[in-house]
Amino acid sequence: MKITRIEAFQVELPYAGGSYHWGRGNVIRTALTTVITVHTDEGFTGCGESCPIGGNYLAAFAEGIVPALSLLAPAVIGEDPREVHAIERRMDAVLRGHPYAKSAIDAACWDILGQSCGQPVCVLLGGRLTIGGSMYRVVPQKDPHAAAQEMEVHRSAGYRQFQIKVGNDWKADIDRIINATSLLEPGETAFADANRGWSLNEALAVVHAVRDTGVMIEQPCDSYDECLHVRRRTDLPMKLDECVTDLKMAQRVVVDQSAEVVCLKISNLGGLTKARRIRDYLVEHGLSVVCEDTWGGEITTAAVAHFAASTPASLLYNTTDLHNYNTVSTGQPPPVVRNGKLYAGTEPGLGVKPDTQVLGEPLAIYTESSNED
């Protein structure tokens, strides 16, 4: 089997909640996502999706994916998509970095591998170790009454973990954390995600002010070393996110004992192949992980669902249903969401097909003949 054609599509995903606020004053109203289809000479077609959201993840945003594909796609055309490690090495050899462009191709190859052998991707990633991954929901940056009402809606849908978006005004963040944690019911947990938004001094002031809440602190500062500094000066649990971009950083987390939880975003790591390697290393050393991605639609969420399902249940901290953040779909059928949990499908591959009516015509097409040109 060999890859004969790769197509790239882009579509805007309006946020279902209107405005999504996060650290450093960032606001998402519409995200630009890229969907990749990989075609083979044996009739199999796989899909992948990548949707970076701003400078936290990709300086050139989603527009930068297509130029990267002009190098990556010709490098893998003619290769066997089932040999995911060989595809990974080919992409790394032709282009350093650019994990977001690589991630979409990588997911499509896993999709083809699953289809060709009649197995869902989670089985190929190690087995279905979790039946329904618990999801989190964001506590909105609204007044306390409105926040309490929205949390109750999520609670009634089965959610028991809540993310408090902070990282703008550190003094106001203290009040937001204290208020949100006061709304928690027995058995519920919360983590305050600064998305790198605090300076070192601000982060230290916040963790000392909210010490009695027991909240988990997520990515308080820009750099790993700053986060480690905060970690060593608080007894609150720590979760790391943006600074963990490869296996070497995961190894530092283990050696330094810098976190209890590590958030693994598939696109930020370069695809399922790399994400599985990092995930397996972390869980082998007893750390809990979050299985998710930066943003995306149904195709992204399908990959997330299989990644979460192949993680040991005792060490899967949570996951999320990114497709339900949007008003536009990228694929059908959507992954199953029920009672606050995300379920990986049982169909071969990722179990989702691109929504051609939404995606429209491809933005770029790469074939064997274009390689010859």
Side-chain angles (χ1 to χ4, degrees), residues 1-9 33-50 69 72-73 75-91 101-131 133 266-267 270-277 291 293 296-311 322-323 329-336 342-359 362 365-368:
M1 184 188 299
K2 66 178 182 179
I3 297 172
T4 58
R5 179 185 179 95
I6 294 177
E7 298 176 332
F9 306 81
T33 195
T34 302
V35 171
I36 301 296
T37 56
V38 173
H39 305 262
T40 71
D41 60 348
E42 294 188 14
F44 293 104
T45 298
C47 61
E49 180 182 5
S50 182
L69 288 173
L72 296 172
V76 300
I77 286 176
E79 301 296 317
D80 189 334
R82 298 169 299 181
E83 298 181 2
V84 290
H85 289 279
I87 296 293
E88 175 194 24
R89 292 176 66 85
R90 289 282 293 171
M91 290 194 293
K102 294 174 180 177
S103 177
I105 293 176
D106 178 78
C109 290
W110 278 98
D111 189 16
I112 292 171
L113 174 59
Q115 292 176 45
S116 66
C117 65
Q119 294 292 337
V121 167
C122 62
V123 172
L124 303 178
L125 290 173
R128 197 181 295 269
L129 305 180
T130 295
I131 309 298
I266 297 171
S267 295
L272 282 168
T273 303
K274 284 182 167 62
R276 176 181 66 164
R277 190 177 298 132
C291 294
D293 215 325
E298 284 76 2
I299 298 172
T300 290
T301 307
V304 167
H306 286 281
F307 187 37
S310 62
T311 302
L322 289 166
H323 67 292
S329 70
T330 61
Q332 295 293 332
V336 173
L342 176 66
Y343 293 84
T346 58
E347 296 297 315
L350 291 176
V352 62
K353 301 297 181 185
D355 193 329
T356 55
Q357 290 187 332
V358 172
L359 297 178
I365 300 173
Y366 310 91
T367 63
E368 290 178 297

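Worth knowing before you read on, the calculation uses all heavy atoms, side chains too, and leaves out hydrogens, waters and symmetry mates. Not measured: the values here are computed from a predicted model.
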S.K.: When you measure from the side chain of Thr130 to the backbone of Thr311, do you find a donor-acceptor pair of N or O atoms at a distance under 3.5 Å?
M.R.: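 Side chain of Thr130 to backbone of Thr311: a pair is present.
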S.K.: Between Glu79 and Lys2, does at least one N-O distance fall below 4.0 Å, as a salt bridge requires?
M.R.: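 Looking at Glu79 and Lys2, the cut-off is not met.
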S.K.: Nearest heavy-atom pair of Pro348 and Gly114: which atoms, and what distance?
M.R.: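 Heavy atoms only, the tightest pair is CB-O, 3.6 Å.
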S.K.: Contact between Val352 and Pro335 at the side-chain level, heavy atoms closer than 4.5 Å - yes or no?
M.R.: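 SC-SC contact between Val352 and Pro335 ruled out.
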S.K.: Can a donor-acceptor pair be found, under 3.5 Å and without considering hydrogens, that links the side chain of His323 to the backbone of Glu298?
M.R.: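 Between the backbone of Glu298 and the side chain of His323 there is no qualifying donor-acceptor contact (under 3.5 Å).
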S.K.: Please identify each residue that fulfils side chain to side chain contact (heavy atoms under 4.5 Å, CB included) with Thr356, with sequence neighbours left out.
M.R.: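 With sequence neighbours excluded, Thr356 shows a side chain to side chain contact (heavy atoms under 4.5 Å, CB included) to no residue whatsoever.
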S.K.: Keeping the roles fixed (side chain from Ser50, backbone from Ala101), state whether a donor-acceptor pair exists under 3.5 Å.
M.R.: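 Checking the backbone N and O of Ala101 against the side chain of Ser50, no donor-acceptor pair under 3.5 Å is found.
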S.K.: Return yes if some donor-acceptor pair links the side-chain N/O of Glu88 with the main-chain N/O of Lys274 below 3.5 Å, else return no.
M.R.: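 No; zero donor-acceptor contacts below 3.5 Å.
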S.K.: Identify whether the distance between the nearest side-chain nitrogen and carboxylate oxygen of Glu83 and Arg89 falls below 4.0 Å.
M.R.: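 Looking at Arg89 together with Glu83, the answer is no, because their closest N to O distance does not fall below 4.0 Å.
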S.K.: With rounding to the nearest 0.5 Å, note down the distance linking SG in Cys47 to CG in Leu359.
M.R.: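 Output value for this atom pair is 9.5 Å.
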S.K.: May I ask you to decide if Gly349's main-chain N or O and Asp111's side chain share a donor-acceptor pair within less than 3.5 Å?
M.R.: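 No: the side chain of Asp111 does not pair with the backbone of Gly349.
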S.K.: How long is the span from the NE2 atom in His306 to the CZ atom in Arg128, to the nearest 0.5 Å?
M.R.: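 Rounded to the nearest 0.5 Å, the NE2-CZ separation comes to 7.0 Å.
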S.K.: If you measure from the Lys or Arg side-chain nitrogens to the Asp or Glu carboxylate oxygens, is any gap between Glu7 and Arg5 under 4.0 Å?
M.R.: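 Salt bridge between Glu7 and Arg5, a charged N being under 4.0 Å from a carboxylate O: yes.
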S.K.: Measuring only between side-chain heavy atoms, which start at C-beta, is Thr45 closer than 4.5 Å to Val38?
M.R.: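 The answer is no, as the side chains (C-beta and beyond) never meet within the 4.5 Å cut-off.
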S.K.: Return yes if a side-chain donor-acceptor contact under 3.5 Å exists between Arg277 and His85, otherwise no.
M.R.: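 Side chains of Arg277 and His85: pair found under 3.5 Å.
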S.K.: Flag the pair Ile77 / Ile6 as yes when at least one side-chain heavy-atom distance between them is below 4.5 Å, and no otherwise.
M.R.: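 Result yes, sub-4.5 Å side-chain heavy-atom pair found.
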S.K.: Determine, step by step, whether Asp106 and Ile266 satisfy the side-chain contact (heavy atoms from CB on, under 4.5 Å) criterion, reporting the C-alpha distance in whole Å, the side-chain angles of both residues, the deciding distance to 0.1 Å, and the verdict.
M.R.: CA-CA 10 Å; Asp106 178 78; Ile266 297 171; 5.9 Å; no
S.K.: What are the two closest non-hydrogen atoms of Ser116 and Arg82, and how far apart are they?
M.R.: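 So the two residues come closest at OG-CD, 3.5 Å.
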S.K.: CD/Gln332 to CD/Gln357 distance, rounded to the nearest 0.5 angstrom?
M.R.: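 Reported to 0.5 Å precision, the distance equals 9.5 Å.
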S.K.: Within this structure, what is the CG-CD1 distance for the pair Leu72 and Ile36, rounded to the nearest 0.5 Å?
M.R.: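 That separation rounds to 9.5 Å.
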S.K.: Given side-chain contact (heavy atoms from CB on, under 4.5 Å), test Trp110 with Leu350 step by step and report yes or no.
M.R.: CA-CA 8 Å; Trp110 278 98; Leu350 291 176; 5.6 Å; no
S.K.: Taking side chain to side chain contact (heavy atoms under 4.5 Å, CB included) as the test, write out the residues that go with Thr300, two or more places apart.
M.R.: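 Listed in chain order: Glu49, Asp293, Val304, Leu322.
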S.K.: Do Met1 and Pro81 come within less than 4.5 Å of each other through their side chains, counting heavy atoms only?
M.R.: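 Yes, their side chains come closer than 4.5 Å.
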S.K.: CD1 of Ile87 to SG of Cys109: how many Å apart, nearest 0.5 Å?
M.R.: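 Rounded to the nearest 0.5 Å, the CD1-SG separation comes out at 4.5 Å.
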S.K.: Report the C-alpha distance between Val121 and Ser310 in whole Å, list the side-chain angles of each, state the deciding distance to 0.1 Å, and finish with yes or no for side-chain contact (heavy atoms from CB on, under 4.5 Å).
M.R.: CA-CA 9 Å; Val121 167; Ser310 62; over 6 Å; no
S.K.: Is there a side chain to side chain donor-acceptor pair (under 3.5 Å) between His39 and Thr4 once you walk through the steps?
M.R.: CA-CA 6 Å; His39 305 262; Thr4 58; over 6 Å; no
S.K.: So do the side chains of Phe307 and Leu272 get within less than 4.5 Å of each other, counting heavy atoms only?
M.R.: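 Result yes, sub-4.5 Å side-chain heavy-atom pair found.
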S.K.: Where do Thr330 and Asp355 land on the side-chain contact (heavy atoms from CB on, under 4.5 Å) test, with the steps shown first?
M.R.: CA-CA 5 Å; Thr330 61; Asp355 193 329; 5.8 Å; no
S.K.: State the CG-OG1 distance between Leu125 and Thr273, to the nearest 0.5 angstrom.
M.R.: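 Here the rounded value is 8.5 Å.
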S.K.: Give me the atom names and distance for the closest heavy-atom approach of Leu124 to Cys117.
M.R.: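 Of all heavy-atom pairs spanning Leu124 and Cys117, the closest is CD2-SG, 3.9 Å.
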